[in-house]
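Bear in mind that the values here come from a model prediction, so they are computed numbers and not experimental data. Position 1 is the first residue of the sequence, and the numbers go up from there. Reckoned from all heavy atoms, side chains included, excluding hydrogens, waters and symmetry mates.
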Amino acid sequence: MIIPSIDLMDGQAVQLVQGRRKVLEAGDPRPIAERFARVGEVAVVDLDAALGRGSNTAVIEELCRLAPCRVGGGIRDRDAALAWLDRGAEKVVLGTAAVPEVLEALPRDRVVAALDAWEGEIVVKGWTERTGRTVLDGMRELRGLAGGFLVTFVEGEGREAGFPRDRIEALAQAAGPSRLTVAGGITTADEIAWLDRAGADAQVGMALYRGNLDLAEAFTAPLRSERPDGLWPTIVTDDRGAALGLVWSSLESVRAAIDEGRGVYHSRSRGLWRKGATSGAAQQLLRIVPDCDRDALRFTVVQSGEGFCHTGDWSCFGPSTGLRKLERTVRSRRTAPVAGSLTTRALADDSFLRGKLVEEAGELGEAFEGADRVVEEAADLIYFLTVALERAGVTMADVERELDRRALRVKRRVASEPKGVRRE
């Protein structure tokens with residue numbers, strides 16, 4: 001699959017040729033990251049940190065909230081790697097710091113070891129110094145210590161002139177169970193499909209920025225279809241992972257979805273189908289993910305309106321339930337208040353809502369004598385919590401994303417006593 005790349009200098013997205021000559025300035029990286037995130041992980045490289053002339057830390061922290069980022073550039077020791085993992089990086093990419101004593105102290109599945117090669121020989125110090133060691137030597141030394149390897153063919157970096165296909169098989173074998181990512185010279189969708197079949201991902205920058213490679217074509221290149229019309233079955237889920245329905249996608253619909261950031265599909269009777277264009281039940285696209293066999297897709301969306309199904313239900317499998325149903329009910333009370341409703345009062349009365357949150361939290365804290373009571377008190381607290389979220393204009397999905405971000409932290413919080421609690 002494709003790993004789109006964002007290289008940063010002075011807070012702006014740029015592209016260099018062979019790491020030396022700047023040939024393209026793409027501007028603010030934030031909208032670029034939002035678009036790239038629709039197809040998966042994004043490689044973010046801090047060129048200023050790599051060159052030892054500053055950093056883009058604040059910008060990259062923002063990008064990590066917009067997209068699942070693998071962050072590299074200037075990460076030279078264990079502490080720096082841990083700091084980025086705690087800031088929300090999905091993965092860290094280590095170059096010269098990718099040595100056994102550092103890798104052994106990091107979570108293996110969240111580390112990519114980067115090896116830059118000139119005609120098969122590892123080069124360092126901004127690609128200016130040869131080491132006399134081959135990339136295969138370096139991969140064998142680090143095998144089992146990193147969850148992935150990034151091999152950059154420096155001679156092709158930024159030149160859009162292709163890559164040495166004859167070396168990929170040996171590299172994929174040397175990577176073992178770790179996923180191989182290849183960078184440098186990749187320009188076409190066919191090359192990305194070929195790499196995927198060979199067991200490697202393609203990290204691409206220049207060809208995307210210059211418009212020589214279409215992001216949708218690059219993303220769909222590894223996909224296959226057994227249908228004569230080439231369509232891919234597509235599961236649509238809401239932002240909390242619940243299935244909304246089954247639709248179909250084509251290259252044209254995927255391209256429109258990525259470019260517009262919305263749910264766009266292929267209707268076998270109408271062609272391009274922009275969900276909600278007439279009904280108002282539009283969708284904000286968060287991410288498209290292929291399945292393991294590359295023959296189906298999953299769209300994750302923020303669903304608006306009454307729901308996905310033409311019947312008016314939340315999904316084609318029936319109405320919403322559980323927390324989603326509660327969330328929608330609370331929202332309906334905000335848009336259409338009901339006299340005498342507890343929800344309406346809680347939405348309108350700050351002091352009342354504050355008191356109920358404290359009261360219900362206290363009751364849950366005391367509910368240890370039976371499972372049934374714990375469930376009942378938790379339900380009471382979650383109800384008022386949902387009201388508080390609606391008042392703030394946020395959702396349970398926002399809370400879940402925050403929990404996911406916290407789960408990325410490697411350094412754990414130290415347990416402390418609750419406020420007002422004394423231990424004798």
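- Between the Arg110 side chain and the Leu408 main chain, a donor and an acceptor come within less than 3.5 Å of each other.
- Looking at Thr152, its side chain never comes within 3.5 Å of a backbone N or O of Leu150 through a donor-acceptor pair.
- Smallest separation of non-hydrogen atoms from Leu136 and Ala170: CD2-O, 3.7 Å.
- The nearest pair of heavy atoms linking Ala172 to Leu180 is N-CD2, 3.7 Å.
- No side-chain donor-acceptor contact under 3.5 Å links Trp248 and Asp229.
- Asp291 places none of its side-chain heavy atoms less than 4.5 Å from the side chain of Leu297.
- Sparse packing is recorded around CD of Glu226, with 12 or fewer heavy atoms of other residues, nucleotides or ligands lying under 6.0 Å away.
- One N or O on the side chain of Asp137 and one on the backbone of Thr134 form a donor-acceptor pair closer than 3.5 Å.
- Side-chain atoms of Tyr209 and Glu25 include no donor-acceptor pair closer than 3.5 Å.
- Using a distance-only test at 3.5 Å, with no hydrogens or angles considered, no donor-acceptor pair links the side chain of Arg298 to the main chain of Thr237.
- For Glu169, the CD atom is loosely surrounded, since the number of other residues' heavy atoms within 6.0 Å does not exceed 12.
- Counted by atom type alone, Ser315 and Asp313 present zero donor-acceptor pairs between their side chains at under 3.5 Å.
- In terms of heavy-atom proximity, Trp314 sits nearest to Arg324 at CZ2-NE, 3.7 Å.
- By the side chain to side chain contact (heavy atoms under 4.5 Å, CB included) test, Ser267 is found to be paired with Ser269, Arg270, Trp273, residues two or more places apart in sequence or in another chain being considered.
- Glu121 contributes no side-chain N or O that, together with a main-chain N or O of Val135, makes up a donor-acceptor pair within less than 3.5 Å.
- Side-chain atoms of Arg255 do not come within 3.5 Å of backbone N or O of Ala216 as any donor-acceptor pair.
- Considering only residues two or more places apart in sequence or on other chains, Asp196 meets the salt bridge (Lys or Arg N to Asp or Glu O under 4.0 Å) condition with Arg179, Arg294.
- Shown here for Asp28 and Gln12, the closest heavy-atom pair between the two residues is N-OE1, 3.3 Å.
- One finds the CG atom of Leu47 at 8.0 Å from the CZ atom of Arg53 (value rounded to the nearest 0.5 Å).
- Geometrically, Lys275 does not engage Tyr265 in a cation-pi contact, judged by NZ or CZ lying under 6.0 Å from the ring centre and within 45° of the ring axis.
- Atoms CZ and OG1, from Arg87 and Thr57 in turn, are 5.5 Å apart once rounded to the nearest 0.5 Å.
- Nearest heavy-atom pair, Ala397 versus Asp239, reported as atom, atom and distance to 0.1 Å: CB-OD2, 3.3 Å.
- The environment of CD in Glu400 is crowded: more than 12 heavy-atom neighbours from other residues, nucleotides or ligands sit within 6.0 Å.
- Judged by distance alone, with hydrogens and angles left aside, the side-chain atoms of Arg76 form a donor-acceptor pair with the main-chain N or O of Ala50 at under 3.5 Å.
- Annotation: side chain of Phe153 is in contact with side chain of Val182 (closest heavy-atom distance under 4.5 Å).
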With salt bridge (charged side-chain N to carboxylate O under 4.0 Å, His left out) as the test, would you mind laying out the steps for Arg65 and Glu62 before giving the verdict? CA-CA 5 Å; Arg65 287 185 170 270; Glu62 288 187 58; over 6 Å; no
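- A donor-acceptor contact shorter than 3.5 Å is absent between the side chain of Glu141 and the backbone of Gly138.
- Trp84 does not carry Arg70 over the face of its six-membered ring by the limits of under 6.0 Å from the centre and within 45° of the normal.
- Here the closest heavy-atom approach between residue Ala49 and residue Gly73 is recorded as CB-O, 3.6 Å.
- Of the possible polar contacts, one joining the Thr187 side chain to the Gly185 backbone as a donor-acceptor pair under 3.5 Å is found.
- With Glu390 as the partner, the salt bridge (charged side-chain N to carboxylate O under 4.0 Å, His left out) test is satisfied by one option alone out of Arg333, Arg334, Arg328: Arg334.
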Would Asp404 and Arg401 count as a salt bridge (charged side-chain N to carboxylate O under 4.0 Å, His left out) here? Give the steps. CA-CA 5 Å; Asp404 287 340; Arg401 280 190 286 273; over 6 Å; no
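- Within the 4.5 Å cutoff, no side-chain heavy atoms of Val289 are placed close to those of Thr300.
- Residue Ile6 holds its CD1 atom at 5.5 Å from CD1 of Ile32, rounded to the nearest 0.5 Å.
- A donor-acceptor distance shorter than 3.5 angstrom exists from the side chain of Asp46 to the backbone of Asn56, with no hydrogens or angles considered.
- Other residues, nucleotides and ligands contribute more than 12 heavy atoms inside 6.0 Å of the CG atom of Leu145.
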